[in-house]
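One structure is given below, encoded as structure tokens.
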Amino acid sequence: MEVVETCAEMSRLSWSSDRPLGLVPTMGALHEGHLSLVQRARADNQTLAASIFVNPTQFGPNEDFARYPRSLQRDLELLDAEGTDLVFVPPPHEVYPDGFDTWVEPGSVAEGMEGAARPGHFRGVATVVAKLFTIIRPDRAYFGQKDGQQVAVIRKMNADLNLGVDVVTMPTIREPDGLALSSRNAYLTSDERETAPAVYRALCAAEDVWRRGERDAGRIQRAAHNILGREPLIDAVDYVSIVDADTMQPVETVHDGRPVMIAVAVRVGTVRLIDNVTKL
Ligand code: PAF
């Protein structure tokens, strides 16, 4: 496995590597969710590349950039064990050199939910992913459905800018109690960890109401709010949203055959938990 720190060297190695090349972009602190992407990318491609870069531009001024979990040595060992060929680990100035001043600004797909709660977040994500796609030119790139709006933003950018990457979405990996795996789960205290599965229970309650025939988005959302409202350690429910699965625009009625995403974001202590399920 080659560990590469510069854009020039990463381009040189990836452009001359056997094709197809699959890329798994990450911010490190790898868990089973990331590894499911790596394993799928390994199976699908001749060359497997990953990136580990805690992207400063997708964090707001009061967010957790400084304390975001970092475990580079362990991450490299895990990637090596999965048969990764190339790992891109650039220092920040390599990605954002002095004078960097060009951004990818996603449109309406990035306006609601995480976009509203975290202004500028998706501009940072879209910009860094566009840069990774340009530096590495992958045939396929792999992302987890856990960050469902992020996937929609990346798909739209990839289409609108003709980047030509096959964007592959992989299912959310969960703990046995339903909590979606996330690097940020490491911040939860033990009490908060006990509360956290309520997010998935709320999504399941909403899904259950839908399965039983309810199509009014407001009533489906209420089923999720009822579960979340019983949890004293949930300090705030940022949103329970039902949106079109491609455009991320809110829907009032769930129409059969038109995929929607039911998404939740809550704050538990200092931790923000997000999760979603998709429905046909
Ligand atoms: O999902 C992540 O880990 C990040 O948002 C990504 C896609 C690697 C961009 O920094």
Side-chain angles (χ1 to χ4, degrees), residues 4 7 10 22-38 40-41 48-60 63-72 74-76 78-79 84 86-92 94-96 100 103-106 109-110 113-115 117-136 138 140-158 161 163 165-173 180-187 248 261 263 265 271-276:
V4 183
C7 299
M10 191 63 191
L23 170 66
V24 181
T26 81
M27 298 206 299
L30 301 184
H31 51 65
E32 288 298 325
H34 297 110
L35 296 184
S36 74
L37 309 181
V38 169
R40 170 71 187 271
L48 169 56
S51 60
I52 299 175
F53 180 61
V54 185
N55 175 33
T57 65
Q58 68 188 74
F59 290 80
E63 294 185 11
D64 55 346
F65 174 68
R67 70 167 185 147
Y68 193 83
R70 288 162 171 88
S71 52
L72 183 59
R74 183 179 164 274
D75 293 346
L76 292 176
L78 289 168
L79 290 173
T84 310
L86 297 170
V87 191
F88 187 38
V89 191
E94 186 65 23
V95 179
Y96 300 111
F100 179 89
W103 300 92
V104 178
E105 190 73 63
V109 67
M113 300 187 293
E114 290 307 284
R118 305 180 65 189
H121 170 65
F122 285 124
R123 176 173 104 142
V125 170
T127 301
V128 81
V129 172
K131 288 191 62 122
L132 291 170
F133 283 7
T134 309
I135 294 163
I136 298 168
R140 303 189 182 100
Y142 297 78
F143 299 91
Q145 177 58 35
K146 152 87 169 44
D147 296 304
Q149 190 178 13
Q150 166 171 283
V151 176
V153 167
I154 291 168
R155 282 186 182 282
K156 186 80 174 102
M157 171 194 75
N158 183 55
L161 300 183
L163 300 181
V165 177
D166 181 5
V167 174
V168 181
T169 312
M170 294 291 291
T172 303
I173 305 291
L181 295 196
S182 162
S183 305
R184 289 188 168 101
N185 292 350
Y187 303 148
M248 298 287 116
M261 183 174 92
V271 189
R272 218 163 152 273
L273 298 171
I274 64 169
D275 198 356
N276 67 82

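Indexing begins at 1, ligand by ligand and atom by atom, following the structure's order. On a predicted model such as this, the values are computed, not experimentally measured, just so you know.
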- Query: Short list, please: which atoms of ligand 1 are under 4.0 Å from a heavy atom of P25?
  - Reply: 8 (C)
- Task: Number the atoms of ligand 1 from 1 as they appear, then name those within less than 4.0 Å of a heavy atom of V128, with their elements.
- Result: 9 (C), 10 (O)
- Query: How long is the gap from CD on E94 to CD1 on I135, to the nearest 0.5 Å?
  - Reply: 8.0 Å
- Item | Atom pair CG (N185) and NE2 (H31), whose distance is rounded to the nearest 0.5 Å |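 So the gap between those two atoms works out to 7.5 Å.
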- Message: Between R272 and E114 (salt bridge meaning N to carboxylate O under 4.0 Å), is one present in this structure?
- Response: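 Yes, R272 and E114 are salt-bridged.
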- Message: On a heavy-atom basis, which atom in P25 and which in Y142 lie closest, and how many Å separate them?
- Response: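 Smallest interatomic distance, heavy atoms only, reads CD-O, 3.6 Å.
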- Item | Closest heavy-atom pair and its distance - A29, D75 | N-OD2, 2.9 Å
- Item | Shortest protein contact, atom 3 (O) of ligand 1 (heavy atom only) |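 Going by distance alone, atom 3 (O) of ligand 1 is nearest to M27 CG, 3.5 Å.
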- Tell me which protein heavy atom sits closest to atom 10 (O) of ligand 1, plus the residue, atom name and distance to 0.1 Å.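 Its nearest protein heavy-atom neighbour is Q58 OE1, 2.6 Å.
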- Task: Heavy-atom distances under 4.0 Å are what count here, so tell me which part of T26 touches ligand 1: side chain, backbone, both or neither.
- Result: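 Contact part for T26 vs ligand 1: backbone (N, CA, C, O).
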- Item | N55-ligand 1 polar pair, N/O distance under 3.5 Å | no
- Polar contact flag for Q150 and ligand 1 (N/O pairs, less than 3.5 Å):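 Yes; the residue has a nitrogen or oxygen that sits under 3.5 Å from a nitrogen or oxygen of the ligand.
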- May I ask you to decide if the ring planes of F59 and Y68 are parallel, tilted or perpendicular, using 30° and 60° as cut-offs?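 Perpendicular.
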